[in-house]
Amino acid sequence: MRLNKVLLPLSFLFFSSLVTFSQGYKVKTIVIDAGHGGKKPGARGSFSLEKNVALEVALKLGKKIEEEMPEVKVLYTRKTDVDVDFYKRAALANDNKADLFLSIHCNSMPDRRVITGYTRNKKGKRIPRYGYRKNTVTSGTETFVAGSHRLNEQDAAIRENEDIKLEKNYKQNYNGYDPNDPETFIILSLFKNLFRDKSLKLARLIQNNYTNDDGRVNRGVKEQGLLILQRCGLPAVLTEIGFISNPTEEKYINSDSGQAEIVNSIFKAIKTYKKETEIN
């Protein structure tokens, strides 16, 4: 008897919340995050820094959205060479009730440890001598979403970010969050799954455009416990636009033509995502 008393109202709450969120979902605000900045340069290439490349692409992408999708508000985590803490980047999206968060980064491969020669110890035994060589071969793009094993870290952000998208008294109802409360657990799980599905959709669209439109090497869509994505209570992706450690790709991601292709691929993905996920 007690089980039915709990499950019936819980089922209604679960369903009504899902319907409310789904009916009201519109891409009205997008946060564009240029990775690193200031004293944190990110990956280093032979002649460029990740923080600068990411900023250039982020600003060009934001400008294109503003010009071609005037109904969408664009917010930037940074527009100059400054360092912004991870939690502040996610907070900008959460506090402004953003509908999409997109972080732009450059990839890099670590130096490889290789045997450069041999020496002998006092007993005459051959001992390898090691050195490091740069990995300049790996190339391609990949896009990340929050790893499912770390999604519990989205709970607080989701509770704070969904009070408008749900009923008006949502914040009061769930302010006393208890992880052992089955109702709260299911509601939070619902939104985490919704955000994960939407994030995966956008990530796949971006990767497909990189490959099909630009002929880039597709390293796939991956789930990973990235702090900046974990803290976002909304659909969020981090896209690696190329390997700055690869001389050919470094030139590409620094060139006007390369950046134009990257921006167009991401913009096209956002436009398709908006069209396919919005519910009137």
Subject >> Single-linkage hydrophobic cluster, 4.5 Å side-chain cutoff, Val263 and Val237 together >> reply: yes

**OP:** Indicate yes or no for a side-chain donor-acceptor contact from Asn246 to the backbone of Val137 under 3.5 Å, with no hydrogens or angles considered.
**Re:** yes

Original post:
Looking only at heavy atoms, which two atoms of Ala58 and Ile32 are closest? And how far apart?
Top reply: CB-CG2, 3.7 Å

Original post:
Any donor and acceptor pair, going by atom type alone, linking the side chain of Arg78 with main-chain N or O of Ala34 inside 3.5 Å?
Top reply: yes

Original post:
What is the distance from atom CD of Gln230 to atom CZ of Phe86, rounded to the nearest 0.5 Å?
Top reply: 10.0 Å

Original post:
Counting N and O atoms only, with roles assigned by atom type, does the side chain of Asp81 sit under 3.5 Å from a partner on the main chain of Gly38, one being a donor and the other an acceptor?
Top reply: yes

Subject >> Lys73 and Glu66 ion-paired at < 4.0 Å >> reply: no

Original post:
Do the side-chain N and O atoms of Glu240 and His105 include a donor-acceptor pair separated by under 3.5 angstrom?
Top reply: no

Subject >> Ser48 side chain to Glu250 side chain, donor-acceptor N/O pair below 3.5 angstrom >> reply: yes

Original post:
Between atom CG of Asn107 and atom OG1 of Thr141, what is the distance when rounded to the nearest 0.5 Å?
Top reply: 9.5 Å

**OP:** Decide yes or no for Asn135 and Ser245: does some side-chain heavy atom of the first lie under 4.5 Å from some side-chain heavy atom of the second?
**Re:** no

**OP:** State whether the side chain of Arg216 and the backbone N or O of Ile241 hold a donor-acceptor pair below 3.5 Å, judged by distance alone.
**Re:** yes

**OP:** Ignoring hydrogens and angles, state whether a donor on the side chain of Gln207 or Glu142 is under 3.5 Å from an acceptor on the partner side chain.
**Re:** no

**OP:** Please answer whether the main-chain N or O of Lys123 pairs with a side-chain N or O of Asn121 as donor and acceptor at a distance below 3.5 Å.
**Re:** yes

**OP:** Please name the pair of heavy atoms, one in Asp83 and one in Lys40, separated by the smallest distance, quoted to 0.1 Å.
**Re:** OD2-CE, 3.2 Å

Subject >> Criterion side-chain contact (heavy atoms from CB on, under 4.5 Å) on Tyr210 and Asn218, from CA distance to verdict >> reply: CA-CA 7 Å; Tyr210 285 152; Asn218 190 343; over 6 Å; no

Original post:
Which atom names give the shortest non-hydrogen contact between Leu234 and Ala93, and what distance separates them?
Top reply: CD2-CB, 3.9 Å

Subject >> Evaluation steps, side-chain contact (heavy atoms from CB on, under 4.5 Å), between Leu102 and Ile270 >> reply: CA-CA 10 Å; Leu102 197 150; Ile270 292 172; 4.0 Å; yes

**OP:** Look only at the side chain of Glu249 and the backbone of Phe243, and say whether a donor-acceptor pair between them is shorter than 3.5 Å.
**Re:** yes

Original post:
Same cluster or not: are Val84 and Val57 linked, directly or through other Ile, Leu, Val, Met, Phe, Trp or Tyr residues, by side-chain heavy atoms under 4.5 angstrom apart?
Top reply: no

**OP:** Compare all side-chain heavy atoms of Glu223 with those of Arg196 and state whether any distance is below 4.5 angstrom.
**Re:** yes

**OP:** Verify whether one side chain among Tyr252 and Glu261 offers a donor that lies under 3.5 Å from an acceptor in the other.
**Re:** yes

Original post:
Taking NZ, NE, NH1 and NH2 as the nitrogens, is one of them in Lys60 or Asp256 under 4.0 Å from a carboxylate oxygen of the other?
Top reply: yes

Original post:
From Asn52 CG over to Glu50 CD, what is the distance, rounded to the nearest 0.5 angstrom?
Top reply: 10.0 Å

Original post:
Around Arg44, counting heavy atoms of other residues, nucleotides and ligands shown, do more than 12 lie under 6.0 Å from its CZ?
Top reply: no

Original post:
How many angstroms lie between atom CD1 of Ile104 and atom CG of Asp33, to the nearest 0.5 angstrom?
Top reply: 8.0 Å

Original post:
Taking all non-hydrogen atoms of both residues, which atom of Asn94 and which atom of Arg231 are closest, and how far apart?
Top reply: ND2-O, 2.9 Å

Subject >> Worked verdict on Glu71 versus Met69 for side-chain contact (heavy atoms from CB on, under 4.5 Å) >> reply: CA-CA 5 Å; Glu71 74 280 10; Met69 300 172 69; 4.0 Å; yes

Original post:
Taking all atoms of both residues into account, what is the closest heavy-atom pair of Ala269 and Asn209, and its distance?
Top reply: N-ND2, 3.3 Å

**OP:** Return yes when atom NZ of Lys64 has more than 12 non-hydrogen atoms of other residues, nucleotides or ligands closer than 6.0 Å, and no otherwise.
**Re:** yes

Subject >> Polar side chain donor-acceptor pair, Asp214 to Ser265, under 3.5 angstrom >> reply: yes

Original post:
About how many Å separate OH of Tyr273 and CD1 of Ile206, when rounded to the nearest 0.5 Å?
Top reply: 10.5 Å

Original post:
Considering all heavy atoms of both residues, which atom of Ile228 and which atom of Ser103 are nearest to each other, and what is their separation?
Top reply: CD1-OG, 4.4 Å

Original post:
Relative to Tyr76, does Lys79 satisfy both conditions: NZ or CZ under 6.0 angstrom from the six-membered ring centre, and within 45 degrees of the ring's axis?
Top reply: yes

Original post:
Is Lys28 paired with Asp99 through a side-chain N to carboxylate O contact shorter than 4.0 Å?
Top reply: no

Original post:
Can you check side-chain contact (heavy atoms from CB on, under 4.5 Å) on Thr29 and Val72, steps first, answer last?
Top reply: CA-CA 6 Å; Thr29 303; Val72 175; over 6 Å; no

Subject >> SB check Lys51 Glu56 (cutoff 4.0 Å) >> reply: no

Original post:
Could you give the distance from CG (Leu49) to CG (Leu55), rounded to the nearest 0.5 Å?
Top reply: 12.0 Å

Original post:
Near Lys268 NZ, under 6.0 Å, is it more than 12 heavy atoms from other residues, nucleotides or ligands?
Top reply: no

